[in-house]
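Atoms within a ligand are numbered from 1 in the order they appear, just like the ligands themselves.
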Amino acid sequence: MAAAASGSVPAAPRVGLLYDNRMCAHATPDGEDHPENPERLRAIWRKLAAEGIASRCQVLEAKEANESHIASVHTQDHIKLMRDISSKEYDSSRDDIAKGFNSIYFNEGSSESAFLAAGSVIEVSEKVAAGELNSAIALVRPPGHHAEHDAAMGFCLFNNVAVAANYLLNERPDLCIKKILIVDWDVHHGNGTQKMFYDDPRVLFFSVHRFDFGSFYPSQGDASHCFIGEGAGQGYNINVPWEHGKCGDADYLAVWDHILLPIAEAFDPDIILVSAGFDAALGDPLGGCCITPNGYALLLTKLLGFANGRVVMALEGGYNLKSIANSVCACAKVLLGDKFAFNAREKRPFESTWRVIKMVRDELKTYWPVLSSKLPKNVPLRSAPLYIEPYASSGSESDVEDVDELPDAVSSVDDGLSERITMLKLDQDNVATKNTSSCTTVEQSPTDSVQAQNDGSVVAPTRIYDLSFTWRSALSKVYVWYASFGSNMWTPRFLCYIEGGKVDGMSISCFGSHDTSPPRGTMWKNVPHRLFFGRSSTPCWGTGGVAFLNPEINYNDKSYICMYKITLEQFNDVLFQENRLVDSSEDGKSEFPDSPLIGLSEMESISSNKALHLESIKDSWYSNVLHLGEEDGLPILTMTCPSTDVARHKSGELPLAPPSETYSATLIKGLVEGKQLDTKEAANYINDAAVRGL
Ligand code: X5A
Ligand code: ZN
């Protein structure tokens, strides 16, 4: 290495790496499995050690945060609770207190871990800001970005990154950090961080996350791109909300190139703090996205072009041990100056990504004029994940004019799917229209809000994203096959769930769906699941059992299903009605739950796991949504009891009971009119299932 001796080689970057096994003390109280577990840190550390990365970094120990520093973002009550929650006095109430928060557990190690996590991000940020280190990675847990000023949430106790940002800005004027860019690439929205700096122009908060039209965790409307900050902080809050899962390197890079980097250039931060969750990584069980390690490396490389490369990464989420270890490792190599080859497998962003990019730029261009520049034309795009079907306009909608708003790109898609492509547009509901904001407001009509936006001078103070509006409109363009195996096999009876009303034999009327359009198709199949009749009476059919499908596959069983091609919105409405979640209000109007049971992310998890037991309605009879296969590239879904109920039926704890006369007559009509069996065969089929049991 002659060059080294000549002194012309730049010194290797000084990279801080904070790891401390004291942060492994926070764990579930009884050792229950949990995605946010101590193994996450250990897996990352083992990998960095094995790859010889740790030894090239300055390895730092964790340090507890001062309460006074945490107090810049959290209330005294919250700090006290987090400080004391692990003490003896809380032994008996700890679990109940955890239940009072959203997605939180505590044990005896939680307090120390929480203070160490917050203090550690302060520690490395200070060193980077002071120039002692060029950059740093803080391997901390519990994570931070969901924590609100007065509450733990989403596996997060203190908002580590927010605490560190405030520390630099308020406590260390000597370090001359006046502007901070926070890049939150965790797959979830950084709701806590957003709120903490919402009116603060010194902190530019950028979060790219799955939104799925409001159904992805934390499922709050404020993750939408309409939330741009308020007061002096207007324009300093940037949300990039994905419409669905499966986003990967190409999608993130497009957002970097067309939103984040131009803004970072204009903002010119003094330091960048990355809320570095790795749950958008390929293989993550919660995220459903697919950033590769090299993808992360490239995203990070691009950030190093700002703030003189002063970048601090703080671990947030990330739940596949291999994925997070490989991803952090790739990032550490970037900080150390290693070269890497970027070879994205899938180089095309989704069409939805392009649409989201345009939306965000439109929303923010008055604050960041650089966003008014022209986007490249003819970008090759790919169609949305399969279950999002072409939005076949039935003629009444005037969506033609919006077509020129779409990228002129779809033509060059080379996988033959281009004809199937139609944008998931939110047009007819005023949620998004040409040249307008897609935000709805409480006080203003959509039109008013549009004027306020175009004028650039007025922005509604409190904007509320109407989620039920949004999920319905989004899920109304997604098709599934709903598979019926009971009375719904008789089409007139099924249509009660769509159109409302009842047929002979039913003692209660159905509410119907918000969308009363008839199924787009009907089809029969057999499935290897056992049909049985359980429970001894129902409000609708009276005495006698009703049909269930054993969720377990058994190739000796063969049951008939009648499938209806309906929208995911309608499927949710069927699910609501089957589980009696729709009520009549006083004025006789029907009241549906205001969020879907099955959104796009649930669809994905059902498709990959074959079933999803809906925790929120776990005591209802039909709380288990099964994936029975695919037809036309669309999932076949049904609803039945959970396997725990099957066990209770087997043990006799829950009754098995033959169907009533009228109920079985309905099933038989279904099978006969559906041309599956003649009357005698159908009666035998039902009778067999009734006497066979489980
Ligand atoms: C930090 C993080 C996720 C919480 C999911 C709760 N939290 N269902 O990734
Ligand atoms: Zn996350």
### Phe158 and His74: CA distance, side-chain angles, deciding distance, ring pair (Phe, Tyr, Trp, His ring centres under 6.0 Å) verdict
CA-CA 8 Å; Phe158 289 136; His74 291 292; 5.4 Å; yes

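Neither the backbone nor the side chain of Val187 comes within contact range of ligand 1; no heavy atom lies under 4.0 Å. Contacts between His146 and ligand 1 below 4.0 angstrom, taking non-hydrogen atoms only, involve the side chain exclusively.
Checked against His188 for a side chain to side chain donor-acceptor pair (under 3.5 Å), the options Asp184, Asp186, Asn191 give a single hit: Asp186. Partner of Leu41 under the side-chain contact (heavy atoms from CB on, under 4.5 Å) criterion, out of Asp20, Ile324, Leu315, Asn21: Leu315 alone. Exactly one residue among Trp185, Phe350, Tyr252 makes a ring-ring contact (aromatic ring centres under 6.0 Å, His included) with Trp242. That residue is Tyr252.
Panel note: side chain Ser111, backbone Ser86; a donor-acceptor pair is recorded below 3.5 Å.
Here the heavy atom of the protein found nearest to atom 1 (C) of ligand 1 is Tyr319 OH, 3.3 Å. Here the heavy atom of the protein found nearest to atom 6 (C) of ligand 1 is Ser103 OG, 3.5 Å. Counting only heavy atoms of the protein, atom 3 (C) of ligand 1 lies nearest to His188 CE1, 3.4 Å. For atom 7 (N) of ligand 1, the nearest protein heavy atom (residue, atom name, distance) is Gly154 O, 3.0 Å.
Checked against a 3.5 angstrom limit, the closest N/O atoms of Cys156 and ligand 1 fall outside it.
Around the Zn ion (ligand 2), the angle linking Asp186 (OD2) with His188 (ND1) is 160°, rounded to 10 degrees.
At least one N/O/S atom of Asp279, from backbone or side chain, sits under 2.8 Å from the Zn ion (ligand 2). In summary, no N, O or S atom of His146 is located under 2.8 Å from the Zn ion (ligand 2).
With ligand atoms numbered from 1 in the order given, ligand 1 contributes 1 (C) to contacts under 4.0 Å with heavy atoms of Pro143.
Residue contacts with ligand 1 include His145, since one or more of its heavy atoms lies under 4.0 Å from the ligand.
Ring pair Phe101/His78 is perpendicular by interplanar angle, where above 60° counts as perpendicular and below 30° as parallel.
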